[in-house]
Amino acid sequence: MKLLLFLSDTMIPLLIFYIVVTGLVQKQNIYEEFIHGAGDGFHTVLKIMPTLIGLMTAVGILRASGLLDAVSSLFENIIGSIAGKNLIPGEIIPVFVVRLFSNSAANGLVLDIFKKFGTDSQLGMTASIMMSSTETVFYTMSIYFMSVKVKKTRWTLSGAMLATIAGAAASIVLARYFMV
């Protein structure tokens, strides 16, 4: 365990040291390359900023209006009738739905679950695992595809949704397994 803690503390400094040494050995102008990369990164941020602001505003409006709760309730009823009431906790469904669009809004919902049920509860564990095993599919697709101007996404959305549903299902199963 001490070895893992040591590695986690030293991994990033060692990686930076490796990059600098490799650049020096290859006689590269490291500072100039860094400045060029930072400039490219800044231009990328400027390109995606309108999309980012639009998504954050939309999620804020959805959450404040109560529409998000209504959609989550609808999904809870549908999933509850298909899978059974006890199979999928109803409090997790809003986290799953919101997580597709916004990580920060989903974090707010997870904090609400932590306050109400506790971090070590089954719901708290499920929410924690779900946050680490699912992705903000629509946010990620809109940011990346708009920044490189991809028009045809083909099977990206289907694959991302399938992977996210699998991550959510795994979080429910794992939380139940570890809570026993």
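Below, each value reflects all heavy atoms present in this structure, side chains not excepted, and no hydrogens, waters or symmetry copies.
When all heavy atoms of M130 and R99 are compared, the pair lying nearest together is O-NE, 4.5 Å. The two residues A106 and V95 have their closest heavy-atom pair at CB-O, 4.3 Å. In this structure, N103 and M131 approach most closely via the heavy-atom pair OD1-CE, 3.2 Å. Taking each heavy atom of V137 and A160 in turn, the nearest pair found is CG1-CB, 3.7 Å. When all heavy atoms are compared, the tightest approach of K47 to P50 is O-CD, 3.6 Å.
Connection of L100 to L67 is established within a shared hydrophobic cluster, with ILVMFWY side chains joined at heavy-atom distances below 4.5 Å, either directly or through further cluster members. Note on V25 and Y18: separate hydrophobic clusters, where clusters join Ile, Leu, Val, Met, Phe, Trp and Tyr whose side-chain heavy atoms are under 4.5 Å apart, directly or indirectly. Note on I172 and L162: separate hydrophobic clusters, where clusters join Ile, Leu, Val, Met, Phe, Trp and Tyr whose side-chain heavy atoms are under 4.5 Å apart, directly or indirectly. No path of Ile, Leu, Val, Met, Phe, Trp and Tyr side chains, each step under 4.5 Å between heavy atoms, connects I35 with V20, placing them in separate hydrophobic clusters. Tracing side-chain contacts under 4.5 Å through hydrophobic residues (I, L, V, M, F, W, Y), one reaches V98 starting from M161; they form part of the same cluster.
Note that the CD1 atom of I92 and the OG atom of S171 stand 7.0 Å from one another [nearest 0.5 Å]. Atom CZ of F114 sits about 10.5 Å away from atom CG of L123, to the nearest 0.5 Å. With rounding to the nearest 0.5 Å, the separation of CD in E135 from OG1 in T140 is 3.5 Å. Interatomic distance, M125 CE to I129 CD1, rounded to the nearest 0.5 Å: 5.0 Å. L174 contributes atom CG, which lies 12.0 Å from atom OG of S128 (distance to the nearest 0.5 angstrom). Atom CD1 of residue I113 and atom CD of residue E91 lie 7.0 Å apart, to the nearest 0.5 angstrom.
Here F101 and F138 bring their ring centres to under 6.0 angstrom of each other.
Atom CG of N29 is surrounded by more than 12 heavy atoms from other residues, nucleotides or ligands within 6.0 Å. Around the CG atom of L15, the shell of radius 6.0 Å holds more than 12 heavy atoms that belong to other residues, nucleotides or ligands.
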Q: Kindly determine whether Y144 and V150 satisfy side chain to side chain contact (heavy atoms under 4.5 Å, CB included), including the steps that lead there.
A: CA-CA 8 Å; Y144 291 131; V150 172; over 6 Å; no
Q | Criterion side chain to side chain contact (heavy atoms under 4.5 Å, CB included) on D40 and H36, from CA distance to verdict | A | CA-CA 6 Å; D40 287 347; H36 179 71; 3.4 Å; yes
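Between the side chain of S121 and the main chain of G124, a donor-acceptor pair closer than 3.5 Å is present.
Of the residues L14, L7, D9, the one that meets the side chain to side chain contact (heavy atoms under 4.5 Å, CB included) test with M11 is L7.
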